[in-house]
Amino acid sequence: MKAVSSPGGFALNLLIWLAALLWSLPMLVALWIAIHPAAGQGHFSLLAPLTLENFINAWHAAPFARYFLNTTLLVLMIVVIQLVLATLAAYALVRFRLKFSGFLFALILLQLMISPDVLILNNYRTISALGLRDTLTGIALPYFASAFAIFLLRQTFKSIPLVLEEAATVEGASRFYILRHIYIPLAKPIYVAFALVSISFHWNDFLWPLVITDSVQVRPLTVGLQLFSAPEQGVQWALIGAATLMTTLPLLLLFLLFQRQFIQSFMRAGIR
């Protein structure tokens with residue numbers, strides 16, 4: 001092992017650390033604001049007293065328990081249905097002899113090129129016509145079919161040798177048994193990676209839940225955070241910082257717990 005690294009390597013490491021610092025700067029500022037009294041936010045002092053009062057006040061300023069429950073149920077509903085539908089669609093595209101499979105896959109990929117924000121008006125009309133406005137199902141329904149998940153699983157299933165399925169078929173295994181015991185276990189890294197990406201996206205989704213919800217009973221965390229910036233109350237930075245940290249903490253813990261699986265999944269499988 002070399003005692004002194006090359007100047008190029010040192011410069012690269014320094015650049016990476018600076019980029020990481022810039023990326024984490026907003027969270028560090030929110031943390032600093034959240035753990036200091038609101039009365040002393042106007043001046044910066046390393047000797048300022050620390051407090052957890054802002055977290056308590058933020059928790060009681062809005063029904064955060066309900067927001068957390070709504071967001072958790074919403075994210076779990078979306079991710080589970082996405083994985084089920086994507087698994088069935090990917091397997092059908094890979095192993096069934098469909099006449100227009102290439103055209104169908106092109107239509108699926110077309111979804112990746114359309115921003116979800118463009119479809120908000122049409123989605124709103126559809127959800128309202130179905131009577132699902134201001135419900136968790138109404139929030140989740142437009143996201144049930146994920147083109148990205150289908151693409152990832154299709155590319156992964158194509159790399160699985162067909163001889164494995166043929167051997168299982170000779171032994172009398174059904175399609176469902178083959179899918180459950182061969183394809184899904186071999187694609188586990190892709191499931192983990194996509195689940196983390198999907199959870200992160202839908203946990204932070206704001207615009208569509210804001211449009212489709214009206215009541216506290218179905219309001220997710222991101223929409224609930226807007227209560228802290230109500231003009232009649234003024235901008236309470238201490239409460240905003242505490243509420244932001246409480247909202248992002250589950251995602252940070254989830255990534256810290258599964259970061260190795262998340263990174264390895266893309267390193268081993270990636271987008272094939």
Ile33/Ile240 under side-chain contact (heavy atoms from CB on, under 4.5 Å): CA gap, chis, key distance, verdict: CA-CA 9 Å; Ile33 294 175; Ile240 293 176; over 6 Å; no

Go through the steps to decide whether Arg125 and Leu121 satisfy the test side-chain contact (heavy atoms from CB on, under 4.5 Å), and finish with yes or no. CA-CA 6 Å; Arg125 291 175 177 175; Leu121 180 58; 3.9 Å; yes

With a 4.5 Å limit on heavy-atom distance, are the side chains of [X] and [Y] in contact?
X: Leu164; Y: Leu186; result: yes
X: Trp208; Y: Pro142; result: yes
X: Leu141; Y: Thr126; result: no
X: Val211; Y: Asn123; result: no

Which atom pair, heavy atoms only, marks the closest approach of [X] to [Y]?
X: Ala145; Y: Gln111; value: O-NE2, 3.2 Å
X: Leu210; Y: Val223; value: N-CG2, 3.7 Å
X: Phe157; Y: Tyr91; value: CD1-N, 3.7 Å
X: Leu74; Y: Leu136; value: CD1-O, 3.6 Å
X: Val216; Y: Pro63; value: CG1-CG, 3.4 Å
X: Thr156; Y: Leu152; value: OG1-O, 2.8 Å

Are [Y] and [X] connected into the same hydrophobic cluster when the rule is that any two of I, L, V, M, F, W, Y join if their side-chain heavy atoms are below 4.5 Å apart?
X: Tyr191; Y: Leu257; answer: yes
X: Leu109; Y: Phe148; answer: yes
X: Val84; Y: Ile184; answer: yes
X: Ile78; Y: Phe194; answer: no
X: Leu88; Y: Val79; answer: yes

For Phe103, enumerate each residue passing the ring-ring contact (aromatic ring centres under 6.0 Å, His included) test, keeping only those at least two apart in sequence or located in another chain. none

Taking the six-membered ring for Trp, are Phe105 and Phe151 parallel (under 30°), tilted (30 to 60°) or perpendicular (over 60°)?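 Plane angle under 30°, so parallel.
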
In terms of the angle between their ring planes, are Tyr67 and Phe64 parallel, tilted or perpendicular, with boundaries placed at 30° and 60°?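 If you compare the ring of Tyr67 with that of Phe64, the planes turn out perpendicular.
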
Without swapping roles, check the side chain of [X] against the backbone of [Y] for a donor-acceptor pair under 3.5 Å.
X: Asn70; Y: Gln217; result: yes
X: Glu165; Y: Arg95; result: no
X: Ser128; Y: Tyr124; result: yes
X: Trp203; Y: Thr247; result: yes
X: Ser24; Y: Met27; result: no
X: Ser200; Y: Val197; result: no

Under the criterion side-chain contact (heavy atoms from CB on, under 4.5 Å), I'd like the reasoning laid out for Thr87 against Tyr183: C-alpha separation, chi angles, the key distance, then a yes or no. CA-CA 9 Å; Thr87 300; Tyr183 285 85; over 6 Å; no

To the nearest 0.5 Å, atom NE2 of His202 lies from atom OG1 of Thr71 at 12.5 Å

In short, side-chain hydrogen bond (donor to acceptor under 3.5 Å, both in side chains) pairs touching residues 134-144 with sequence neighbours left out are Asp134-Ser215, Tyr143-Asp205

All salt bridge (Lys or Arg N to Asp or Glu O under 4.0 Å) counterparts of Arg133, not counting sequence neighbours: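 With sequence neighbours excluded, Arg133 shows a salt bridge (Lys or Arg N to Asp or Glu O under 4.0 Å) to Asp214, given in chain and number order.
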
